[in-house]
2 protein chains.
Amino acid sequence: MASRNRSVPAADRVAKPQARTAAKRVKILEAAMTVFGTRGYNNAALAEIAEQAGMTHAGVLHHFGSKEGLLVAVLKYRDGEAMAGVAGREQVEGPAFLPHLTDTVRDNIKRPGVVQTYAVLSAESVTDGHPAQEYFRGRMAGLRIKLQRVIGMTTGREVEDDDVRDAASALIAVMDGLQVQWLLDPQAVDMPRTLALVLDELIERLATNEPAPPVSARVDGVLSVGAAQDEPQAS
Amino acid sequence: MASRNRSVPAADRVAKPQARTAAKRVKILEAAMTVFGTRGYNNAALAEIAEQAGMTHAGVLHHFGSKEGLLVAVLKYRDGEAMAGVAGREQVEGPAFLPHLTDTVRDNIKRPGVVQTYAVLSAESVTDGHPAQEYFRGRMAGLRIKLQRVIGMTTGREVEDDDVRDAASALIAVMDGLQVQWLLDPQAVDMPRTLALVLDELIERLATNEPAPPVSARVDGVLSVGAAQDEPQAS
DNA sequence: CAAAACTTACTGACTCGTTTGTAAGTATGT
DNA sequence: ACATACTTACAAACGAGTCAGTAAGTTTTG
């Protein structure tokens, strides 16, 4: 299925970009983000992206070489934008990163398009041979490591501790999972509040190092107030 | 153009479906699950599904009318299968539903295909006009309500309590979010352990009703041991 | 019970729309 | 003059759905 290796036309070797070109490219990227978000990568048509950017699909290809190239550019663009982001918020490094998560989620409510793009693409990326797969694998790994470090710092735990690792995965999972629920029904979930609940509780637990009893015990009535256990667990 | 004298596949007419038909349909559904999972709905071709089921794409259409019809059938089939499921596990109703969650996640590790189908389709469903949108909206809502009830029962809280609601959303979010991370890198996350961590901690918090201090306070040094605060938060 | 009268379960060929990418030509700025 | 930034036109594929036809099963009828 893979055609022969031909040289990519004019992907990135920009010798002399003209004055208004940069702005035009941003406009294409912005349009692409919207369309990839509303339709998914596979179902998105270059023609629609081009139209929103005020040109033909061939014009888009002139700048980004291929649809896949455009996607990669969108992903990179989003990263850069998220840093120099919405409220002049720069790269937060220390334990302040944790409340920053909740802030970001709060801001995201005002940018459903961005949320949708991220949610759709990240899940779509697990499909066979998806062009964004490597990107999201790396992104997840990076986020996990960063969170592990920050959680370690904040709670005085080892960075390599299993609980710290799990907490990092869990926080990312909560944010991503909430987005899908929220996109399907914005009334149904309160993203920042829910994230804060998990975040506060997880950090408290790691800081005090007092694991909660497993729910299985609770269900068996071992800890419950009225200690009437009704049914034995099959396990 | 809907109700003609055409031979509608799932007919309520007088004649019987043939003997091996049911099995054949299941084979198609099984193939469709795989292909929808590995390619996503939009990128999946009926021809590939048909091939895996041992027929042509027109044959598939004969049984399910359209690609969209097939997707809906797959989703329904999956629900039915999940109940009569893997280990003869039937509809768990009471507080036992909570440990059941962890069990399900543990089983899912052995069924990456199913996980991928669910993860890809649920996120894809938020795109404009996706045929599975209503299905997943309903599914999420139903799961949330069920979890609210079970959490209420287990912790002695009101079902309508915000914390209970948030905890329900959070648990679903953790499960779904972990799946994407796990599919991208199975080594990187321990799904059941991570879910258990969040689950235990959330239930404990709701049961004792002692909210953890917000991380923001912790970061500001109010609670931290070494009370060195580095940067004031913008907010 | 068996032939006629259907129905079901397909296949193969085709239509028609959509889509990515290419090629060649035109305008514009430096 | 010469890249750059496009456009129009086209190529080649692909994919969903239609249609007519065929083989086999099922029901009805005499």
Side-chain angles (χ1 to χ4, degrees), chain A residues 1-29 31-32 35-36 39-73 129-131, chain B residues 1-2 4-29 31-32 35-36 39-73 129 131:
Chain A
M1 209 70 73
S3 312
R4 53 218 94 174
N5 44 356
R6 49 176 90 254
S7 56
V8 185
D12 44 14
R13 46 179 319 133
V14 200
K16 271 192 196 174
Q18 274 176 348
R20 301 199 303 280
T21 299
K24 211 75 210 263
R25 284 168 91 109
V26 167
K27 200 167 184 199
I28 296 172
L29 289 170
V35 177
F36 283 154
R39 309 254 190 247
Y41 171 73
N42 283 314
N43 204 34
L46 286 181
E48 189 180 351
I49 294 169
E51 192 193 18
Q52 268 189 40
M55 40 194 275
T56 62
H57 89 273
V60 172
L61 286 172
H62 166 72
H63 285 290
F64 297 98
S66 70
K67 191 184 182 184
E68 190 171 325
L70 176 59
L71 175 61
V72 172
H130 196 283
Chain B
M1 294 253 185
R4 266 296 175 73
N5 54 352
R6 307 200 346 244
S7 62
V8 181
D12 39 31
R13 278 195 110 75
V14 265
K16 270 196 287 191
Q18 279 172 328
R20 304 204 308 280
T21 300
K24 209 79 209 262
R25 284 168 91 110
V26 167
K27 199 167 184 199
I28 296 172
L29 289 169
V35 177
F36 284 152
R39 308 252 190 248
Y41 172 73
N42 284 315
N43 206 33
L46 286 181
E48 189 179 352
I49 295 169
E51 194 192 18
Q52 269 189 39
M55 41 195 273
T56 63
H57 90 273
V60 172
L61 250 25
H62 165 73
H63 284 290
F64 297 97
S66 69
K67 191 183 181 185
E68 191 172 324
L70 176 59
L71 176 60
V72 172

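This one's a predicted model, so the numbers in the text were calculated from it and none came from an experiment. All chains are named by letter (A, B, ...) in the order of the sequence lines, taking the proteins before the strands, and each is independently numbered beginning at 1.
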Without decimals, in angstroms, what is the distance between [X] [atom1] and [N] [atom2]?
X	N	atom1	atom2	result
A/Leu61	C/dA24	CG	C1'	16 Å
B/Arg25	C/dT8	CZ	P	11 Å
B/Met55	C/dG12	CE	P	12 Å
B/Leu46	D/dC14	CG	P	15 Å
A/Lys67	C/dT19	NZ	P	9 Å
A/Leu71	C/dT20	CG	P	12 Å
A/Asn43	D/dG15	CG	C1'	12 Å
B/Asn42	D/dA16	CG	P	10 Å

Does B/Ala44 reach a base, just sugar-phosphate, or nothing at all? Heavy atoms under 4.0 Å.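 The answer is sugar-phosphate, as B/Ala44 gets under 4.0 Å only of primed atoms, P, OP1 or OP2.
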Have a look at B/Ala58 and say if it touches a base, only the backbone sugar-phosphate, or nothing, with a 4.0 Å heavy-atom cut-off.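 B/Ala58: base contact, heavy atoms under 4.0 Å.
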Pair of N/O donor and acceptor under 3.5 Å linking D/dG15 base with B/His57 side chain: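 Per atom types, no contact qualifies.
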If you compare every side-chain N and O of B/Thr56 against the phosphate oxygens of C/dT11 (OP1, OP2), does one of them come in below 4.0 Å?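 Yes, such a contact exists.
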Please check the phosphate of C/dA9 (OP1 and OP2 only) for any side-chain N or O of B/His62 closer than 4.0 Å.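 Answer yes for this pair, as a side-chain N or O of B/His62 is under 4.0 Å from OP1 or OP2.
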Flag side-chain contact, heavy atom, 4.5 Å: A/Thr21 against A/His63: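 Counting from C-beta outward, A/Thr21 and A/His63 do come under 4.5 Å.
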Could you tell me whether the side chain of A/Ile49 reaches within less than 4.5 Å of the side chain of A/Phe36, counting heavy atoms only?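 A/Phe36 reaches A/Ile49 side chain to side chain.
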Taking atom CD of B/Glu51 as the centre, does the number of heavy atoms from other residues, nucleotides or ligands within less than 6.0 Å exceed 12?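 No, CD of B/Glu51 has 12 or fewer neighbouring heavy atoms, counting only those of other groups under 6.0 Å.
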Can you establish whether the number of heavy atoms outside A/Gln52 located under 6.0 Å from its atom CD is more than 12?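 More than 12 within 6.0 Å, yes.
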Derivation of the side chain to side chain contact (heavy atoms under 4.5 Å, CB included) call for B/Met55 and B/His62: CA-CA 11 Å; B/Met55 41 195 273; B/His62 165 73; over 6 Å; no
Of all the nucleotides listed (C/dT8, D/dG17, D/dG15), which has the minimum atom distance to the side chain of B/Ala45?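 Ranking C/dT8, D/dG17, D/dG15 by closest atom to the B/Ala45 side chain puts D/dG15 first.
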